[in-house]
Engineer: 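Below you will find the structure I want to go over with you.
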Amino acid sequence: MPIEGMVAVGAGLAVGLAGIGAGLGEQGIGAAAVGAMAEDPTFFGRGLLMTVIPETIVIFGLVVAFLLMFM
Amino acid sequence: MLRKIIRKPRAAEWAYIVARVRVMKRKLIPKDEYNKLLNMDLNEIIRYLEESEYKNEINELAIRYSGVELLDYALYLNLTRTYRKLVRISKGLPREMIVDYLRKWDFWNLKNIIRGKMFGFPKEEIEKTLVPAGEFDEEFWKMLLARESVEDIIKEFAKKPYYPILEELARACPISEFEDRLDKFYYTSLASIHSDNIDIMYFVDFIRMEIDIKNVKTLLRLKLEGASPEEIAAKIIPKGYQLSESELRKLAAMDYEDMLKNLENYWFSEAVKQIKDQPLSKIEVFFDKVWAKRVLSRANHFPLSILPVLAFILMKKIEVDNLRIIARGKAEGMSAEEIKEQLVVV
């Protein structure tokens, strides 16, 4: 496989695996946030914030993918 | 029953029910508010509760009842609805555990109906004592009330796994023994569950600790009443957490002072150290406090488990009991200090 192909696979893996990791992290937080909001809607803001915190991992993955593709 | 459930719940399932329960627990009356309540009269207490989680129940029942009676019914109606909500919002293993634990209310209702029928109480009087917080709803219990004989009542449980035990107890035992043996059956059946699933182990340990507290309270009460070791042994519930049946028999045979000294070696020693020369009512409060503290601390240690849910179930019952004690105390004209001594505030 040419080197460009390997880079593309690496970039895909960086985003994909980061996405799976974030998803695994979010499942518990999301469930807890929905539970708390069901009892008290004022938890919406905090719940949303906590739920998206693992998303930062995907941003790292995306940055790595960009670096691989365009550097 | 729990044994049937094999699949281990995912962390997300615990997170959902525990988060809901934690928010519900925040809505319980805070510790400091009890001091305020103690300084109010009965009408002020009712007004205070009208602005709390008990609002709907008080408004619903205010047409039919007033004073202490209104509070009694409103508090129990709220307790029932809260417990039924827990069953409704949970699923899988957490739900099975909650239903199994709340079955104590099914047995409570069954005992009340059978006792009421045996002593010829009118249906309305028996109905007032019912708390449909377990597996069966109000309609089921009303249907049971319409049954004439104890056999017919027991037959309604024919599809339940515990039916053979109920049938045997109802056939063979007088009413007082029936009640004791039903309690023993409830606790031992839950405490005997064997599983290497850690979630179930937490639940079983909780039940076994509750057995310890029940046993030690029975032991102290009967000792103070001067019961014989044999009478005490007959009331012991087996399968405690630290207090085994044989240890309890030994303790029952000791004199009161030696027994207290020996009881200091168990997990509830904090309560035992306070009981010297205290009346029985206070002693029971010490143990209830130690039990509540232990349950809360274990719930904090194991947050993604059934323990926070069980802690909430216990704390809700304690709150209802505290409010009833305050209301009854106020109605009887007791002083704030006297009432405070009876409250379980942790």
Side-chain angles (χ1 to χ4, degrees), chain A residues 1 3-71, chain B residues 7-30 51-56 78-79 81-95 97-98 198-199 202 299-313 315-316 319:
Chain A
M1 192 189 283
I3 191 78
E4 291 81 13
M6 299 288 272
V7 167
V9 170
L13 282 174
V15 178
L17 292 177
I20 291 172
L24 289 174
E26 274 171 37
Q27 64 168 353
I29 307 172
V34 170
M37 274 184 255
E39 284 303 318
D40 185 351
T42 59
F43 277 99
F44 179 75
R46 262 181 286 174
L48 191 67
L49 185 71
M50 291 295 171
T51 311
V52 298
I53 284 175
E55 289 289 332
T56 49
I57 302 166
V58 186
I59 298 171
F60 293 143
L62 204 63
V63 170
V64 170
F66 272 114
L67 289 176
L68 283 171
M69 295 296 287
F70 301 114
M71 292 287 278
Chain B
R7 190 181 68 81
K8 201 175 180 308
R10 285 169 300 159
E13 281 176 33
W14 286 120
Y16 178 75
I17 182 78
V18 168
R20 280 196 85 150
V21 161
R22 286 213 183 267
V23 178
M24 285 159 83
K25 194 161 150 273
R26 273 163 57 113
K27 294 177 187 167
L28 293 178
I29 296 173
E51 287 161 23
S52 70
E53 286 296 295
Y54 299 94
K55 180 175 78 183
N56 291 341
N78 181 276
L79 183 82
R81 286 177 179 171
T82 310
Y83 286 173
R84 294 195 75 81
K85 180 180 167 185
L86 288 178
V87 177
R88 214 175 52 239
I89 62 175
S90 53
K91 62 173 190 170
L93 182 61
R95 186 176 193 275
M97 287 191 208
I98 295 168
I198 189 79
D199 295 315
Y202 289 142
N300 287 334
H301 281 130
F302 307 105
L304 287 182
S305 71
I306 192 67
L307 294 174
V309 184
L310 295 174
F312 172 72
I313 291 177
M315 295 315 286
K316 180 74 189 175
E319 179 181 282

Engineer: Does any backbone or side-chain atom of B/Arg22 lie under 4.5 Å from a heavy atom of chain A? Answer side chain, backbone, both or neither.
Structural biologist: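 Contact with chain A: none, neither part.
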
Engineer: Please report the closest heavy-atom contact between A/Gln27 and B/Ala12, naming both atoms and the distance.
Structural biologist: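 Distance-wise, the nearest heavy atoms are O-CB, 3.7 Å.
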
Engineer: Do A/Glu39 and B/Lys27 touch side chain to side chain, with heavy atoms closer than 4.5 Å?
Structural biologist: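 Contact flag for A/Glu39/B/Lys27 side chains = yes.
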
Engineer: Which heavy atom in A/Ala31 sits nearest to a heavy atom in B/Ala15, and how many Å separate them?
Structural biologist: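 Closest pair (atom of A/Ala31, atom of B/Ala15, distance): CB-CB, 4.3 Å.
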
Engineer: Tell me the closest heavy-atom pair linking A/Ala36 and B/Ala19, and the distance in Å.
Structural biologist: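 Scanning both residues, the minimum pair turns out to be N-CB, 4.0 Å.
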
Engineer: For B/Phe302, I'd like to know if atom CZ has over 12 heavy atoms of other residues, nucleotides or ligands within 6.0 Å.
Structural biologist: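 More than 12 within 6.0 Å, yes.
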
